[in-house]
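First comes the structure, then the notes that go with it.
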Amino acid sequence: MIGIRPYRLPLTTPYRWAKGEQRERIGLIVHCDLDGAIGWGECAPAIHFRLDPDVLAADAARLIEGLDVRSPGFLSALDTRAPAPHLRCGIATAWLSARAAAHGVSLSRHLHAAPAARVPVNGLVTEAAPEDAAKRAANLVAEGYRTLKIKCTADRYGDIARLEAIRAAAPRARLRLDANEAWPAEWSRVHLLVLARFDIVYVEQPLPCRHGTAEQAAFSRPSPIKVALDESATDLPAIRGLLDAEAADTIVLKPQRAGGPDMSQAIIDLCVARGVSVTVTVSLESAIGTTATLHVASLLPEPLPDCGLAMGRFLARDIAEGPAIAGARMTVPVSPGLGIGTVNLPGFC
């Protein structure tokens, strides 16, 4: 049996990025019961999409209507209906974690013989004012974070001012930039030449993903800062094309966009075979989606990169207790299934 419930979660502080400011998180929680073995999943569309969660829930319900959840071929049958990746992610995570629970193992152990026990995480800096960004960076470093991810905009001088303040406050931190498709190609080339002096590890998705693989590759190869592709890295075929074209130094993997833990594992395996690094990140999900993404991140090869999992602070309230962060690391649950506690959402317990 599969149950689906929509949710709206207010944010405690606006989520500021290149595509605007968001003040709530909308999505679905999926519950799967396989004869008492319980699994959980989350459907979390891109946060800036304007969606009715009840309509989203109806879409998910139509996808699974008539399918046999007890069948080993459940996901294959689901895929014949061409589900949107975020819907597939929630359904597949719930089903896979229920299957894991039925076998008495965690989701990550169900997918991999030897997942990592702990995953290092990066800190996120979204503050607009340089002094606020610097304060956030200093606090994160004091908490043990060694890598900081800075959200950038199309404001060249604003980015420079914030990076100057952040670098002064955190001189030894590894800095990643995330442009979220905000920069035109020629503008971006000039901007990266200026930003390179801040010793940047990589920049995520500087160009809009409407630029094809060949254009992304032509930009990435001579870039003064290594390029990670995020929004362009949509699914396994797209990522295979990016790797063939040598368009990215790093792939940013989001299970919500990949279609779930099993699809994410296939992407990790492909990138490892090609010698391209992978960073796993959440899509600002509830504790359920964050825990699922933590399981996926544990499938990465050692040494694990600092992954983007620490976004729970943006939620004013959550529907369950999320993974704790200690020393900028998250411990991967080892209990059967997803390893989540009580879910506080009407209709579930």
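Every heavy atom of this structure was used, including side-chain atoms; hydrogens, water molecules and symmetry mates were not. Every value quoted in this text rests on a predicted model; they were computed, and no experiment measured them. For the single chain, residues carry numbers from 1 onward in sequence order.
- Remark: of the listed residues H86, Q256, R25, K254, Q256 is the sole one forming a side-chain hydrogen bond (donor to acceptor under 3.5 Å, both in side chains) with E285.
- One finds the CD1 atom of I200 at 6.0 Å from the CD1 atom of I150 (value rounded to the nearest 0.5 Å).
- Side-chain atoms of F74 and D68, non-hydrogen and from C-beta on, never get closer than 4.5 Å to each other.
- Linking ILVMFWY side-chain heavy atoms closer than 4.5 Å, directly or via other members, places L300 and V252 in two distinct hydrophobic clusters.
- Of all heavy-atom pairs spanning R329 and V121, the tightest one is N-CG2, 4.3 Å.
- Contact of the I29 side chain with the S286 side chain is registered, since non-hydrogen atoms from C-beta on lie closer than 4.5 Å.
- Environment of CZ in R81: crowded, with over 12 heavy atoms of neighbouring residues, nucleotides or ligands closer than 6.0 Å.
- Counting only heavy atoms from C-beta outward, the side chains of V332 and H295 approach each other to under 4.5 Å.
- Criterion: ILVMFWY side-chain heavy atoms under 4.5 Å apart, direct or through other members. Under it, L177 and F219 are part of a common hydrophobic cluster.
- The nearest pair of heavy atoms linking R313 to R136 is NH1-NH2, 3.1 Å.
- Counting heavy-atom neighbours within 6.0 Å of R167 CZ, excluding the residue itself, gives a total above 12.
- Salt-bridge annotation for R274 and D244: present, with a side-chain N of the basic residue lying under 4.0 Å from a carboxylate O of the acidic one.
- Nearest heavy atom pair, residue P255 against residue C89, reads O-SG, 3.5 Å.
- In this structure, D230 CG and N180 CG are separated by 6.5 Å, a value rounded to the nearest 0.5 Å.
- Residue E321 qualifies as open at atom CD: its count of foreign heavy atoms under 6.0 Å is 12 or below.
- In this structure, the side chains of V343 and H31 stay at 4.5 Å or more apart for every pair of heavy atoms.
- Pairing each heavy atom of S223 with each of L192, the nearest pair is OG-CD1, 3.5 Å.
- Scanning both residues, L253 and A258, for their nearest heavy atoms gives CD1-CB, 3.8 Å.
- Ion pairing of K149 with E204 is present here, as a side-chain N (NZ or NE/NH1/NH2) and a carboxylate O approach within less than 4.0 Å.
- With respect to R88 and D262, a salt bridge is recorded, a charged nitrogen being found less than 4.0 Å from a carboxylate O.
- Criterion: ILVMFWY side-chain heavy atoms under 4.5 Å apart, direct or through other members. Under it, V194 and L175 are part of a common hydrophobic cluster.
- Residue D199 holds its CG atom at 9.5 Å from CD1 of I225, rounded to the nearest 0.5 Å.
- Here CG of L107 is found 6.0 Å from OG of S97. Values are rounded to the nearest 0.5 Å.
- Note that CG of L75 is 4.5 Å distant from CH2 of W95, once rounded to the nearest 0.5 Å.
- By the 4.5 Å heavy-atom criterion applied to side chains, L284 and L315 are counted as neighbours.
- Contact check for V296 versus I268: side-chain heavy atoms found under the 4.5 Å cut-off.
- Look at D132 and K135 and you find no salt bridge, because none of the NZ, NE, NH1 or NH2 atoms lies under 4.0 Å from a carboxylate O.
- Within the model, atoms OG of S264 and CG of D269 stand 11.0 Å from one another, a figure rounded to the nearest 0.5 Å.
- In terms of heavy-atom proximity, E42 sits nearest to I288 at OE1-C, 3.8 Å.
- Ionic pairing of R210 and E215 is not present here: no N-O contact between side-chain nitrogen and carboxylate oxygen is shorter than 4.0 angstrom.
- Ion pairing between a basic and an acidic side chain is recognised when a charged N comes within 4.0 Å of a carboxylate O; R189 and E186 show such pairing.
- For Q205 and S232, the side-chain atoms include at least one donor-acceptor pair closer than 3.5 Å.
- By the 4.5 Å heavy-atom criterion applied to side chains, V280 and L299 are not counted as neighbours.
- With a 4.5 Å cut-off on side-chain heavy atoms, H191 and C152 do not count as touching.
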